[in-house]
Amino acid sequence: MKTAFITGATAGIGEAAARKFVAGGWRVIGTGRRRERLDALAGELGAAFHGLELDMHDTGVFAAAIDALPDPFRGVDLLLNNAGLAPPMSSLQDAEQGPLDTVIDTNVTGLVALTRALLPKLIECKGAVINLSSVAATYPYRGGAVYAGSKAFVRQFGLGLRCDLAGSGVRVTSIEPGMVETEFTLVRNGGDQAASDALYAAMDPMTAEDIADTIWWVATLPPHLNINALELMPVTQSWAGFAVERKG
Ligand code: 8X3
């Protein structure tokens with residue numbers, strides 16, 4: 001029986017992935033800050049799910065938390081680096097530093113530290129790392145510089161990690177979705193549900209389950225195949241072209 005370690009399992013893509021992997025016969029260690037959500041998921045998914053209360057900013061406790069995993073969950077075949085967030089949409093010249101630090105600490109520093117802490121187990125199992133990046137890693141948009149930069153880091157980090165892991169059998173993939181209706185926009189907008197609803201209105205966004213299904217597909221490919229990066233969008237999302245500033 002394989003084990004997936006899924007960060008940010010208390011909502012959205014992480015939660016959908018936890019359900020998908022348990023339904024597929026895996027054990028899942030799901031992390032999050034919200035104990036009550038982890039407990040609810042444990043109640044739903046049963047003994048195959050282990051909820052681990054973990055804050056991605058708390059890099060100093062990662063090693064001890066991993067060491068303390070209960071017996072059936074001690075091997076890790078897949079790390080799904082899903083936890084992440086975006087700061088409020090704002091030009092950098094108008095942004096507060098605090099929310100930017102939170103995003104960099106979570107999306108970049110926490111992700112690197114957790115990956116490093118789990119690598120011995122992943123190497124032992126010839127496992128896989130799947131990182132949640134974004135289309136924002138490739139296509140910039142106004143107000144998203146720090147978010148896009150963090151997701152470009154995630155993609156390039158994964159490619160570099162593949163080089164480091166050459167010969168180990170460990171696979172590394174960057175999943176790069178566009179618009180997925182989850183709590184992502186709600187968090188980005190500081191809890192404004194109407195703004196989130198308006199963004200996804202009448203455009204048939206992707207769902208957390210769509211992305212979880214894709215992650216499952218990547219994770220269960222034959223072990224000699226590595227998907228380096230996979231970009232997904234809803235059919236209704238495309239590009240608006242370059243902005244041009246004219247003089248006079
Ligand atoms: C977020 C993707 O297209 O909603 O990762 O900005 S998008």
Side-chain angles (χ1 to χ4, degrees), residues 6-17 32 56 79-92 94-95 99-112 114-115 129-159 172-215 217-218 227-243:
I6 301 177
T7 65
T10 50
I13 294 169
E15 186 176 6
M56 290 305 289
L79 167 60
L80 175 57
N81 273 318
N82 162 73
L85 77 167
M89 288 275 256
S90 166
S91 301
L92 193 64
D94 300 321
L100 305 182
D101 289 342
T102 300
V103 168
I104 295 166
D105 288 350
T106 307
N107 297 11
V108 176
T109 310
L111 180 143
V112 171
L114 186 67
T115 305
V129 179
I130 299 182
N131 293 320
L132 252 295
S133 176
S134 165
V135 292
T138 304
Y139 312 106
Y141 51 82
R142 185 175 295 205
V146 168
Y147 176 68
S150 75
K151 291 302 182 178
F153 174 89
V154 169
R155 192 245 299 267
Q156 199 63 18
F157 167 71
L159 296 179
V172 186
T173 299
S174 171
I175 302 278
E176 301 171 5
M179 294 172 78
V180 186
E181 187 167 11
T182 60
E183 289 177 9
F184 173 81
T185 299
L186 195 65
V187 171
R188 183 178 235 180
N189 289 330
D192 185 342
Q193 186 65 55
S196 175
D197 292 347
L199 183 72
Y200 299 114
M203 57 76 62
D204 210 3
M206 295 186 290
T207 64
E209 288 71 28
D210 291 330
I211 308 304
D213 288 353
T214 306
I215 292 165
W217 173 72
V218 169
I227 303 280
N228 298 331
L230 193 58
E231 201 179 88
L232 304 95
M233 276 181 171
V235 175
T236 52
Q237 183 182 20
S238 58
W239 303 271
F242 293 113

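Indexing begins at 1, ligand by ligand and atom by atom, following the structure's order.
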**Q** Of the backbone atoms (N, CA, C, O) and the side-chain heavy atoms from C-beta on, which set of Lys151 has a member under 4.0 Å from an atom of ligand 1: side chain, backbone, both, or neither?
**A**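 Neither; nothing of Lys151 gets under 4.0 Å from ligand 1.
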**Q** Going by heavy atoms in the side chains, are Val112 and Phe153 under 4.5 Å from each other?
**A**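 Val112 reaches Phe153 side chain to side chain.
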**Q** Is the Tyr147 to Phe184 ring centre distance short of 6.0 Å?
**A**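 When the ring centroids of Tyr147 and Phe184 are compared, they turn out to be within the sub-6.0 Å range.
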**Q** Do Pro234 and Met203 come close enough that some side-chain heavy atom pair is under 4.5 Å?
**A**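 Sidechains of Met203 and Pro234: in contact.
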**Q** Answer yes or no: does an N/O atom from Arg188 fall short of 3.5 Å to an N/O atom of ligand 1?
**A**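 Between Arg188 and ligand 1, no N or O pair is found under 3.5 Å apart.
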**Q** Under 4.0 Å from a heavy atom of Tyr141: give me the atoms of ligand 1 that qualify, with their elements.
**A**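 Every atom of ligand 1 under 4.0 Å from some heavy atom of Tyr141: 6 (O).
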**Q** Of all the atoms in ligand 1, which lie at a distance below 4.0 Å from a heavy atom belonging to Phe184?
**A**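 Answer for ligand 1: 1 (C).
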**Q** Using a strict cut-off of 4.0 Å, indicate which atoms of ligand 1 neighbour a heavy atom of Gln237.
**A**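 So the answer, numbered in order with elements, is 3 (O).
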**Q** Measuring from non-hydrogen atoms of Pro177 to any atom of ligand 1, is the shortest distance under 4.0 Å?
**A**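 Under 4.0 Å: yes for Pro177.
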**Q** Within ligand 1, which atoms have a heavy atom of Tyr147 less than 4.0 Å away?
**A**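 Numbered from 1, ligand 1 contributes 1 (C), 5 (O).
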**Q** Please tell me whether Asn189 and Ser196 have a donor and an acceptor in their side chains that are separated by less than 3.5 angstrom.
**A**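 No - no donor-acceptor pair under 3.5 Å links their side chains.
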**Q** So, Thr138 and Arg155: side-chain donor and acceptor under 3.5 Å apart, yes or no?
**A**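 Yes, side-chain donor-acceptor contact under 3.5 Å.
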**Q** Run the numbers for me: atoms of ligand 1, each under 4.0 Å from some heavy atom of Gly178, listed by number.
**A**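 Selected atoms, number and element: 2 (C), 3 (O).
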**Q** Report yes if Ser133 has an N/O atom closer than 3.5 Å to an N/O atom of ligand 1; otherwise report no.
**A**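 No.
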**Q** Only heavy atoms of Met179, strictly under 4.0 Å: list the atoms of ligand 1 that pass.
**A**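 Listed by number with element: 3 (O), 4 (O).
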**Q** I'd like to check which ligand 1 atoms, numbered from 1 as shown, lie under 4.0 Å from a non-hydrogen atom of Ser134.
**A**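 Reading through ligand 1 atom by atom, the close ones are 1 (C), 2 (C), 5 (O).
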**Q** Measure the spacing between CG of Leu230 and OG of Ser133 and express it to the nearest 0.5 Å.
**A**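 Those atoms lie 11.5 Å apart.
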**Q** When rounded to the nearest 0.5 angstrom, what distance separates CG in Leu85 from CG in Leu186?
**A**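 Between Leu85 CG and Leu186 CG, I get 12.0 Å after rounding to 0.5 Å.
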**Q** For ligand 1, which atoms sit closer than 4.0 Å to a heavy atom of Val135?
**A**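 Here the atoms of ligand 1 in question are 3 (O).
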**Q** Should the proximity of Ala136 to ligand 1, defined as any heavy atom under 4.0 Å, be assigned to the side chain, the backbone, both, or neither?
**A**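 It is neither part, as no heavy atom is under 4.0 Å.
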**Q** Going by atom types alone, do Glu176 and Tyr139 pair a side-chain donor with an acceptor below 3.5 Å?
**A**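 No, no side-chain donor-acceptor contact under 3.5 Å.
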**Q** Whether the Asp105 and Thr102 side chains hold a donor-acceptor pair (N or O, under 3.5 Å, no angle test) is what I'd like checked.
**A**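 Looking only at side-chain atoms, Thr102 and Asp105 do not form any donor-acceptor pair under 3.5 Å.
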